[in-house]
Amino acid sequence: MTEPLSFEKSRSALPPPRLPQAGVQTDAQLPEEHRRRRPPALPRLSEAEIMRHYSRLASMNYSISEQFYPLGSCTMKYNPVANEEAARLPGFAGLHPYQDEETAQGALELMWRLERALCSVVGVDRITLQPAAGAHAEWTALRMIQAYHRARGEDRTEVIVPDAAHGTNPASAVLCGFKVVEVRSGADGRVDTADLEAKLSNRVAALMLTNPNTLGLFEREIAEMAEMVHATGAKLYYDGANLNALMGVCRPGDMGFDAVHLNLHKTFTTPHGGGGPGAGPVGVKTDLVPFLPRPTVECDDGAFRLDHDRPQSIGRVRSFYGNFGMLVRAFTYVLAMGGDGLTQASRDAILAANYLRHRLEGVLDLPHEGPCMHEFVASARNLGPHGIKALDVAKGLLERGYYAPTVYFPLIVPEAVMIEPTETESRATLDAFADTVQAIVELARRSPEDLRAEPRSLPVGRLDEVAAARNPVLRWRPNGRDATASSPHEPVRSDTVNDRG
Amino acid sequence: MTEPLSFEKSRSALPPPRLPQAGVQTDAQLPEEHRRRRPPALPRLSEAEIMRHYSRLASMNYSISEQFYPLGSCTMKYNPVANEEAARLPGFAGLHPYQDEETAQGALELMWRLERALCSVVGVDRITLQPAAGAHAEWTALRMIQAYHRARGEDRTEVIVPDAAHGTNPASAVLCGFKVVEVRSGADGRVDTADLEAKLSNRVAALMLTNPNTLGLFEREIAEMAEMVHATGAKLYYDGANLNALMGVCRPGDMGFDAVHLNLHKTFTTPHGGGGPGAGPVGVKTDLVPFLPRPTVECDDGAFRLDHDRPQSIGRVRSFYGNFGMLVRAFTYVLAMGGDGLTQASRDAILAANYLRHRLEGVLDLPHEGPCMHEFVASARNLGPHGIKALDVAKGLLERGYYAPTVYFPLIVPEAVMIEPTETESRATLDAFADTVQAIVELARRSPEDLRAEPRSLPVGRLDEVAAARNPVLRWRPNGRDATASSPHEPVRSDTVNDRG
Amino acid sequence: MPYLVHSTEDREAMLEALGVATMDDLLVDIPPHLRVDGIDLEPGLSEFETMARVRALAGRNRVFEDRLWFRGGGVYQRFVPAAVSAVTSKPEFYTAYTPYQPEASQGTLQAIFEFQTLIAELTAMDVANASLYDGATALAEAAMMAVVETGRRHVVVAGCLHPEYADVLRCYGDGRGFDLRVGLEHVGSDTAAIVYQQPSFLGLLEDAAGLTELAHRHGALGIACVDPISLGMLAPPGEQGADIAVGEGQQLGLAASYGGPHVGFIACRKELMRRLPGRLVGEGHDDLGRRGFVLTLTAREQHIRRARATSNICTNHSLCALAASVYLTYMGPDGLRQVAEVSYQRAHALAERLAAIPGFELPFPDRQFLNEFPVRMFHVEHHLARLRAAGILGGLPVGPMFPDRPDLEDVAIFCCTEVNDPAALDLLVEVLTASAASVNTRSGAR
Amino acid sequence: MPYLVHSTEDREAMLEALGVATMDDLLVDIPPHLRVDGIDLEPGLSEFETMARVRALAGRNRVFEDRLWFRGGGVYQRFVPAAVSAVTSKPEFYTAYTPYQPEASQGTLQAIFEFQTLIAELTAMDVANASLYDGATALAEAAMMAVVETGRRHVVVAGCLHPEYADVLRCYGDGRGFDLRVGLEHVGSDTAAIVYQQPSFLGLLEDAAGLTELAHRHGALGIACVDPISLGMLAPPGEQGADIAVGEGQQLGLAASYGGPHVGFIACRKELMRRLPGRLVGEGHDDLGRRGFVLTLTAREQHIRRARATSNICTNHSLCALAASVYLTYMGPDGLRQVAEVSYQRAHALAERLAAIPGFELPFPDRQFLNEFPVRMFHVEHHLARLRAAGILGGLPVGPMFPDRPDLEDVAIFCCTEVNDPAALDLLVEVLTASAASVNTRSGAR
Ligand SMILES: Cc1ncc(COP(=O)(O)O)c(C=O)c1O
Ligand SMILES: Cc1ncc(COP(=O)(O)O)c(C=O)c1O
């Protein structure tokens, strides 16, 4: 089943929707020179057709609402429906960001309370709720660290990032004007502290880490690393994508991190939306507080206000105060879970990952020793002799009704299959998934060519990504195809790299 | 893909959801003899599992939101999403039916206005909004007619119903204590007026008709029939299931109908809900007004009130004032469409039916001459020589992504395939559907056994309805299967009768 | 025009394909004198203006804060998990038709099968149907089952039945030919059924087991009209000998919505199964042995049996039944019990406090109740107006509903549920205490 | 516990399968001194109590009636068709991840492809990306594209740019190493781009074609920051020589929501395509030749290129882009033009009426505007307070935002859209007329 583009269904003679008429008197007319000459070729469709169109598109998606989504590093957990109800309340959704503060006390209080709650979870002094996503948060944290060093008259130009780190880490560092220095992982999958020692210098502004690290392993020597980093005057930054392992178990702030980001769209159940919006608060220790983006939310005697008067602030990282609607969702979740619930959530996430890892022993390769934390990285290299790659395992899972784990990330594990079950999947689901992986591995051994032909029952089979990138067609064109699209279709290259997280 | 029953996923040790605690002091205790001994075996599932469960069930349905649903007699048209928003407004959804009238003026006004608008559409004097569905409305109308005759001291015991009528018509008559007398349809698919003449007598309380009739044909002699019926002192009742043909085109009231029901869940876009709730207002001419169910909604000087003081009323046909939430939806639809929109809707519905009928000429049998009104009945008897029945055509459509037309109804057409496209399907959809029927007919000729094996790609194939009815299993049982379920499964009987509308 | 899909060109192309010049050529069968041209209604509005009008009407209703609802009488304010509307607002559920084609309707069918099971479990009966319109019509259908089963024509009501339910029973009886007699003194060999509401309309518990026994002694059926939430703690009809159990499911996740749509349920003993009205979903299998669900025992139904059907039910209240299923599945047995217990405890605490207000009294102090109870309060309308002014939807004055029961004059029934937090109870008591004091001052102590 | 799925038995069974006794055995890698036991937060609440708290907070905000919003400044009240949230509230859309696996994500991918096309059409540019966080960051990304493309380090702002957008540009520049210069006098051979907002923050129309021409003359890029609704009637950046067009999409079907989430868009000339930040969806085919959509040109992105990526964008604002797509598809070209025209006419009618109030004046009477415009009103805060008291969200006082522009003291910018019906305009004028009269009386005429 495929669905035509909305543009392809458009009929030029269809009348527009009924809309209000102006109903006022004025002679004003926009001068010709400012007038649009050619109307945009938006589709003309009736509401009935539009709803049918998007309903059909929706049915072509896998989502956490219907499928187990063990996408490592992405913490695809159940998104409570009450959160959605909360965000839709007119008292939140209907607020203009420039309303006078007296008329937005509830919104300000919510942000203030959320900040405090998140401070307790991660062990920091203050938090900005402004950044829109994880990558934005990384960059915001680095901007603060940069401003901190500059305020001390130091121009530190390097940021250290582990070789296993998420791609946004080095990209954020560069966007912030830093040079990226890579630190190696050791054989046990953890940061090689000797290499770190070697890379540290007074040119280094920060070390970016996540803990548990990208392999799902706790960095046992985190306290020692923090000491090494601080000894050189650098700051330690925490990539919060893996916080789901730690709530009520231990706190990045206690480990020595100076700046800590959180992905509310991972750990705190705000839905991922097919690629956002998210929310990426950044928490900091006292040292960095003066550099927080402005405004902050303050409370004086029960009255809440925005504080714009922060002379050392890095300024604004986006318009207004953050993805407020996502903050409402996260706050609702925190209230419902409470300290006890969040703690149990992290413990259950760790349990589920270890259980699933155990179920996959002997099925896929498990290059690192356990126990793992909330996720683990397996490898499909054991299927190499059959010509089967991680990608084929992923596609086999899609065919069988599961979303695929993150594959080819981290780069340091060949044929990586990164699995994060989260705390909201039942044991029955974990068992059924493990059985399915087993069945796929058996198929890989028995008739690898069948596996390589999968998926067969989804709206499309494997797409030729190489051809798509060589002749990019990025839009529909009113009169025929995009100019750049010309070449004939080539068969799928099954080794297409597909490394995301 | 199938989904276990919620009961089958239940785990006895799962803790219940968090709920409020009483937080009050009392010594009261329910005495032992009133206490439940065995708790009900409701499933114990987490919210995450519940949502996944129902999401998967939802994905196993065809619905007007995703599929063309040409279910004759059912008027499956687009359900505007604004209607849903309207019904959810706290000012409607949050009203207790026993609030004082001063606190529910908006609700009463809405009912009052809706009554007036519907009166204009069908040409009657007053309308009750109480009945919950079409069948309930039929029965309500007959109760009023019965009360009318009784009030005149006449005990009329018969109701005449055409052989082509919907099953609810005779069933409602019997439920109301009447004897059903059937009147024949002539060769042209319309009521045989000679037979009607013969069946009429002073024992007859009412003639139940729908116009356009069940075959989608307009009863040309309706005015003459009305005269015949009225001449014997009987009343003429209009089954409103087919009103979608007539808005702004002609009015049942003008044709001589004394009681007219409307299915808001057909003509007025309230969604069908997988089998309700609907709403079946009944309109009446002056004669019958005293017998309307109570309360009615009245307006005195701009103040709205419920009138319970109606001494000749048949009483109540249900609790409270009707399916109010559905009335809100229908009212919203009427406002948006207006007189002009509703008129165009009926005209478009007629056009679509005739167009589709034309596209199916030579593909299926068309036993009656056109033009048709908003629907038409084809027959699959032309496929009889290939051993193919209407049911097989229906299943072939399911396999190809369409819901099936109504089949085996009306009973007077062998292998009936009753098609109602409605005004909200684009020409592209109608064309694609016609092409698909054509393809199915070709398959029927080429390899009928393949068609008889369909559907193959849906969650289940044809179910053995005969076996299911012989050993009915109507519920899950905590300890194994339902007592009555024992026999082995038998193959599907492809001639299973499937006549609904 | 809203919700229409054709352009003028589309229409012309279709007419051309049909070989006709204008729409009128398709309307030739309609006698000209019956034709009208349009409808006497104002032209359609934009969605924005439509919604503005509708919102204005909604704004002309007063919505009481949920925690300040103490009025029941058949419709109750309860906590509704967000999961309920998240499920029922799925278009795949709410825009599907009755599941005639099982292969393309497994979602709806399985949901109904689960509903049937949930209701059967809750009532402790053998089978339940797919749903009926509401509690009142469910009771009428049950009465008609009894009339057919016994061949008798009188139905006796025990205890205080909801007056609207009694009206509906009477209206059905007037048509179908049975009559309603109120009071056990009417029970005899011509009794088709004894009908009782548990708890009664006033909130009081009846001797259900005694009533069903009495019915059976006279060869009649025992029909229970129950409160589904109460069954989290209260002995269910199946444990007390009832032959048919019916009820209103509004409390199971449905909005009050000025009285509808709600949902009726009906359950019965296995022996009566083939007399059930409406839809039934059963388990079946396809030729590969896969389990599926299908409408079954359709030989009872109007579309097969026409004039000999057990009922005329076609469209029922499927989506409301779905809401109830989600609700019950969310609660589970322990959650449901807790909801019932919390309501019970709060109502009893409140009853004690109201009884202590000078001038107020509990008219039936020896009767057991659950979470709804009658209070006699001199000048009841005055007190209710005071409550209204304080934003409280007070108890339901029942005097006017029972003109022939002087003992109910000045009586209102109050209910408590899990939404009425202790602070709400305090506020209610505070306002009523003040109101009682003012009345007592004005009129002298009672 | 809410949202958790395991029973104690499940947990024990899993531990047993792992061959460990307690959860602590799985936490051995965490140094004991770092372990904490729980979180210093109150215990969790039931959903009912949670929502009661959240609703109480919502209740502490004042929601102005939509027709009485005259405040914009980057966020506007507009008619949002019900279709928009009906689509975005589909769990299949909102609970999916970024579409990494195309075969299981065609819904999201096709929706993004359509969004890219819609934005490209609207702006009359060649290509657009899948979305960015908001208008301000989109502008910063565009500036960084220009800095890389030209190898220059200064970005010049023409006209009055939204002060928050300017702040964000500065913050990005401080990190990335470019600086912001305000005023055309700074344009020179070291200019990477001229940035202009059309209409400006004050609502005034700029000479867009002249600005892009000036930029090109200096080898710089022209970057337009546009209002998407305005493009229903206004000449689009692509028709005026812009190299990159960005903007904020809030008006395309998104709630104000106290400032977010909204959505940024970015579009550019084909030649700059490979410098675009963030996600891009392209058309592809499978081995059967079926068309499908897929994330493409990923060699620009962080997950492939890491430190050499064009941006760090990973999660963007996909669901908001979906809302915008539904909105634009609902409107079509004619609907969008009508929305823009109605807003234009109402704003001009209002401006004329406000200018007629004694003591009020239009500070830039010779400049063209669309639906937002500045008004100088002595004692602006007093007037706004009067409006607030009348339930009106009046214009935005811009003086405090531009401390170095004395000409903006006492100026507020007012906007009109299709939601401000004529009666709302009348009310606004009435309240302001009275307010002006009272000020004039008190302070003497100006
Ligand atoms: C480890 C890690 N860091 C950072 C990010 C970036 O977060 P975002 O996508 O919210 O920008 C991700 C997201 O996948 C991640 O997994
Ligand atoms: C012709 C006709 N009459 C009556 C009915 C019964 O209406 P309802 O299902 O609302 O009871 C229907 C429904 O299908 C019908 O098609």
Side-chain angles (χ1 to χ4, degrees), chain B residues 16 22-24 26 28 39-40 44 54 57-58 60-65 86 89 91 93-95 97 103 106 120 132-133 135 167 170-172 176 180 218 248 250 271 273-278 315-316 319-320 323-325 335-336 338-339 341 355 371 458 460-461 463 468 473 475-476 489, chain C residues 1 14 26 29 34 39-41 43-44 50 54 57-58 60-63 87 90-92 94-96 98 103-104 106-108 117 121 133 136 164 167 171 175 255 257-261 283-286 292 302-303 306-307 309 312 315-319 332-335 342 345 348-349 422:
Chain B
V24 293
T26 174
R44 286 180 172 88
Y54 284 105
L57 290 186
M60 293 185 202
N61 269 4
Y62 277 19
S63 69
I64 189 72
S65 72
L89 289 172
L95 286 193
T103 66
S120 301
S172 296
C176 205
V180 172
F218 195 87
C250 58
R316 285 180 185 278
S319 57
F320 313 117
N323 281 341
F324 179 73
L335 274 189
Y355 180 73
L458 292 174
V460 291
L463 296 171
V473 177
R475 59 174 295 189
W476 170 88
H489 316 135
Chain C
M1 235 167 283
M14 286 195 270
L26 298 177
D29 284 334
L34 292 178
I39 305 169
D40 181 21
L41 273 182
T50 299
V54 169
L57 284 176
R60 253 167 264 159
N61 298 316
R62 171 133 179 228
V63 181
V87 171
K90 285 181 183 293
E92 298 90 335
Y94 83 79
T95 78
T98 302
E103 303 88 344
Q106 283 300 302
T108 296
T117 306
E121 277 297 322
Y133 307 138
E164 297 207 12
D167 281 356
C171 188
S257 195
Y258 210 46
E283 192 178 293
H285 295 82
D286 70 6
Q302 45 76 23
H303 65 280
R306 303 178 69 82
N312 66 340
T315 292
N316 49 100
H317 276 210
S318 211
L319 195 74
D334 309 315
V342 167
Q345 287 174 38
H348 282 77

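Below, read A as the first sequence line, B as the second, and so on, with proteins coming before strands; counting in each chain starts at 1.
- Ranked by heavy-atom pairs under 4.5 Å with chain C, the list B:Ser120, B:Pro271, B:Ala132, B:Ala58 is led by B:Ala58.
- Of the listed residues C:Pro261, C:Gly335, C:Pro43, C:Ala136, the one with more heavy-atom pairs under 4.5 angstrom with chain B than any other is C:Pro261.
- Annotation: side chain of B:Pro97 is not in contact with side chain of B:Phe324 (no heavy-atom distance under 4.5 Å).
- Within the 4.5 angstrom heavy-atom criterion, atoms from both the backbone and the side chain of B:Ile64 approach chain C.
- Top candidate by heavy-atom pairs under 4.5 Å with chain B, chosen from C:Thr98, C:Asn61, C:Leu41, C:Ile39, is C:Asn61.
- When the candidates B:Ser63, B:Pro371, B:Gly338, B:Gly91 are compared by the number of heavy-atom contacts under 4.5 Å with chain C, B:Ser63 comes out ahead.
- Using a distance-only test at 3.5 Å, with no hydrogens or angles considered, no donor-acceptor pair links the side chain of B:Ser172 to the main chain of C:Asn312.
- The greatest number of non-hydrogen atom pairs below 4.5 Å with chain C, out of B:Pro16, B:Pro40, B:Pro277, B:Ser65, is found for B:Pro277.
- Within the 4.5 Å cutoff, side-chain heavy atoms of B:Arg44 are placed close to those of C:Asp334.
- Across B:Ala86, B:Gly274, B:Ala93, B:Gly94, the residue that shares the most heavy-atom pairs under 4.5 angstrom with chain C is B:Gly274.
- Per-residue heavy-atom pair counts under 4.5 Å with chain B were compared for C:Asp40, C:Val54, C:Val63, and the maximum is reached by C:Val54.
- Contact detail for C:Gln345 and B:Thr26: the closest heavy-atom pair is O-CG2, 3.6 Å.
- Contact count against chain B (heavy-atom pairs under 4.5 Å) is highest for C:Glu121 among C:Arg60, C:Gln106, C:Arg62, C:Glu121.
- For the pair B:Asn61/C:Lys90, no side-chain contact is recorded, criterion being any heavy-atom separation below 4.5 Å from C-beta on.
- Note: C:Ala349 leads C:Gly284, C:Ala349, C:Ala309 in heavy-atom pairs under 4.5 Å with chain B.
- The candidate with the highest count of non-hydrogen atom pairs below 4.5 Å against chain B, out of C:Thr108, C:Thr50, C:Thr95, C:Leu319, is C:Thr95.
- In terms of modelled atom types and a separation under 3.5 Å, the side chain of B:Asn323 and the main chain of B:Gly278 share a donor-acceptor contact.
- C:Glu164 places a side-chain N or O within donor-acceptor distance of the main-chain N or O of B:Phe320, the cut-off being under 3.5 Å.
- What you find for B:Leu458 and B:Tyr62 is that their closest heavy atoms are CD2-OH, 3.4 Å.
- In terms of non-hydrogen atom pairs under 4.5 Å with chain C, the most contact-rich of B:Ala468, B:Gly23, B:Gly339 is B:Gly339.
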